[in-house]
Amino acid sequence: MLLPRNNMKKEEASNYKIGTSFFYNHLKQISTILFFIINLTLTNVFAQINLHVQIGANSNSITPLNNTEVLTEASNKIGGFLSIGIDVPIKKENIYLSSAVSFIQKSYTIKRTGYLSGIYESHNNNYIQTPLLLKYKITGIKKFDFYLTGGFYIAFWVTGKEKGKNLNVYESIDSVNSYNNQVTSTISLSPYDVNYQFNNTKDNRIEVGLNYGTEVHYKFSKQIIFECGIDYYNSLSDQQKKYMINQPQKYNQTILFSMGVIFKTVKK
Amino acid sequence: MKVIFYIAVIILLFGCRKNLNNYQNTNQTFADVFNTFFNSMNKNYVFWDVDTTNWDRMYKKYSPIFDSLNINNPQDVKKSVDYFREMTSGMVDGHYQIRFINASIKDSFLYPFLDRKILNKIHIPFAYNLIDTQYFDSGYVSGNYINTNNEVVNAVSATIKNKFVYFSCNKFYLSEAYKSTKNNLVRVAIENFIQKINNISPTIKGIIIDVRNNVGGNIADLNFFLGKLVKKTTLIGSCRTKSDLGRLDYIPWIDVNVVSDNSVKKNDLPIYILTDAYTASLSEIFAMSIHALPNGKVIGEKTWGATGPIIDETIFNDGPFIIPNFLSVYTSSVEFKYLDGKMYEGLGFPPDVEIPFNIDLLNKKIDPSIDYIISRF
């Protein structure tokens, strides 16, 4: 399902659609898949449903990396994660359909390097995210069960913060070298820490992507399972709407480490 | 409390051609030149949020045209100048200029904003310094300094009718002149002005700063000179630069203050700043700063409309850029927004009291702006 994602060259933006456009273009197929999943789920609606609560931390980056700017590098940033969801068994306890409502921070930092070290900009973005996953049990050893997970997610970019430091050229002071009369300007850094102001032309607040991972479950008791897992969220939608030709792309790529508790409800 | 981190850089402002970084592009064909130009403008031009030029439409129209040109054909190279002129004719940046490096067109030069000013019949510049000396009391100081760009900087410190302390300069390199190891009369003029401010005579009714015909200069002069006049650190607006490759990728707005210099005595005298249609760049920031003061007034004409400073491309990854062997673009690196929330780029800052340019009076050696101020006292 991954579509090629090369850096934009001479193609016009309107000829290359991905992400939310992918979602709309494949709405019929996605709707069909959802129909079958929901139908299958409804036949098991009175079966055992597990509730899960997870917390975690993630490392997010923006790709593709911008390698063209001088003395500049992008770096990952750690963000938080909190989720409440349900797992619905499709086939005994070997395959689950899983969904949740999650709060996830997807952040990144742009830093200047070399003699411009100290200048940076951190983007701290908060999303509400809902995955729809299949969890497949690959094996079980004693009280441990191992699962592979895969599916897709949709997220909404709720708020953001920008924090950083940049040169304030209006607050510069000149000094003159007494040997060669060369002028050197010294400029102070101004910090900022503000709420991000969304731009309707530029910002795409809906994110759609693929989600795959692995989980380890420990059966603590008949009704309580401890779990931990690693997930990879691969955004298929650009963080920006297409508003210019040769637009740079920005995709969130998130690795999540989580742990939580699963509460098994009793089958009636 | 602001965290201060000092970075020693060489900053070339308002005339920084010699430190422009080369762009990584081989530019073998006109298609290469065009695409580098288009993409560099996307990234480096800081006024996409207010400029009305439809840049994508320019791509669609001119990309096939440039594809059809042969970069080894001097006739095609000359034609390309007209295409660049058409593409950039509406740029709002009051500094925006293109200089051509290619041998076939090295005498060509584009300044879209100046072209529009001429179409709108801007008056010719006037050398006010030739007539204003008659207003000065005897003992005024006037002199020159050759700056590190080999430009002549002139400054005058005077009093008018023993009622006004007067200062003018044609460019802002006052800090450099003052701190220079070379003796120069600009430093003497500055010292004379500071001495007058520190020892205000009871007959003095006001201070006049004359920035008519002043094209700007080193931004360090804002705090160096104006800091000596403001009683306390004063917010005058905000600024921002680009943050990434996209047209609308900006960092947040950062406050811009004029920092008070406490080594100079302050007073509540009215400060008048004289402006004309050629008051440009840092001079316009001076006008806006004085307008922000409770005792400040702008007298004269609306200014030029070039409020964004120009810094080497390396510093902010925006602003001026070069396409090797073909052209260099001179454009602002920072967007400035005044205290009232408006951007005066491409518009000019309006005076508090408009004194229209009057060549007839000036030719009779009558300066209407100075006469207006004198008449109030």
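Quick caveat: nothing in here was measured; it's all calculated off a predicted structure. Each chain gets a letter, A, B and so on, in the order the sequences are listed, and its residues count up from 1.
- Checked by atom type and distance alone, the side chain of Y59(B) never pairs as donor or acceptor with a backbone atom of M244(A) at under 3.5 Å.
- S333(B) OG to L167(A) CG: the interatomic distance, rounded to the nearest 0.5 Å, is 11.5 Å.
- The OG1 atom of T184(A) sits 10.5 Å away from atom CD of E176(B), with the distance rounded to the nearest 0.5 Å.
- A donor-acceptor contact closer than 3.5 angstrom links the side chains of D174(A) and N218(B).
- At least one side-chain heavy atom of R112(A) sits less than 4.5 Å from a side-chain heavy atom of N317(B).
- Contacts of Q197(A) with chain B are absent, with no heavy-atom separation under 4.5 Å from either backbone or side chain.
- The closest side-chain heavy-atom distance from N166(A) to R240(B) is not below 4.5 Å.
- G246(B) and P248(A) make their closest contact through N-CG, 3.6 Å (heavy atoms, listed as atom of the first residue, atom of the second, distance).
- We find the OH-CG distance between Y250(B) and N199(A) to be 9.5 Å, quoted to the nearest 0.5 Å.
- M343(B) CE: more than 12 foreign heavy atoms inside a 6.0 Å radius.
- Residues Y115(A) and T314(B) share a closest heavy-atom pair of OH-CG2, 3.5 Å.
- I55(A) CD1: 12 or fewer foreign heavy atoms inside a 6.0 Å radius.
- Other residues, nucleotides and ligands contribute over 12 non-hydrogen atoms within 6.0 Å of the CG atom of N195(A).
- By the 4.5 Å heavy-atom criterion applied to side chains, K250(A) and D244(B) are counted as neighbours.
- Taking a 6.0 Å sphere around NZ of K163(A), one finds it holds 12 or fewer heavy atoms contributed by other residues, nucleotides or ligands.
- A distance of 8.5 Å separates CZ in R247(B) from CG in N246(A), rounded to the nearest 0.5 Å.
- Residue with the most contacts toward chain A among N147(B), I251(B), T241(B): I251(B) (heavy-atom pairs, distance under 4.5 Å).
- Summarising the geometry of K202(A) relative to L248(B), their closest heavy-atom pair is NZ-O, 3.2 Å, with the distance given to 0.1 Å.
- Of all non-hydrogen atoms in N168(A) and I254(B), the two that sit nearest each other are ND2-CG2, 3.7 Å.
- Residues Y170(A) and C239(B) approach most closely at CE1-CB, 3.7 Å, considering heavy atoms.
- Contact tally against chain A (heavy-atom pairs below 4.5 Å) for V256(B), I236(B), L222(B): the top residue is V256(B).
- In this structure, chain B has a heavy atom under 4.5 Å from the side chain of Y192(A), while its backbone stays farther away.
- By number of non-hydrogen pairs under 4.5 angstrom with chain A, the leading residue of F316(B), W55(B), W253(B), Y178(B) is F316(B).
- A heavy-atom distance below 4.5 Å is not found between the side chains of D56(B) and Q247(A).
- Here CD1 of I311(B) is found 8.0 Å from OG of S172(A). Values are rounded to the nearest 0.5 Å.
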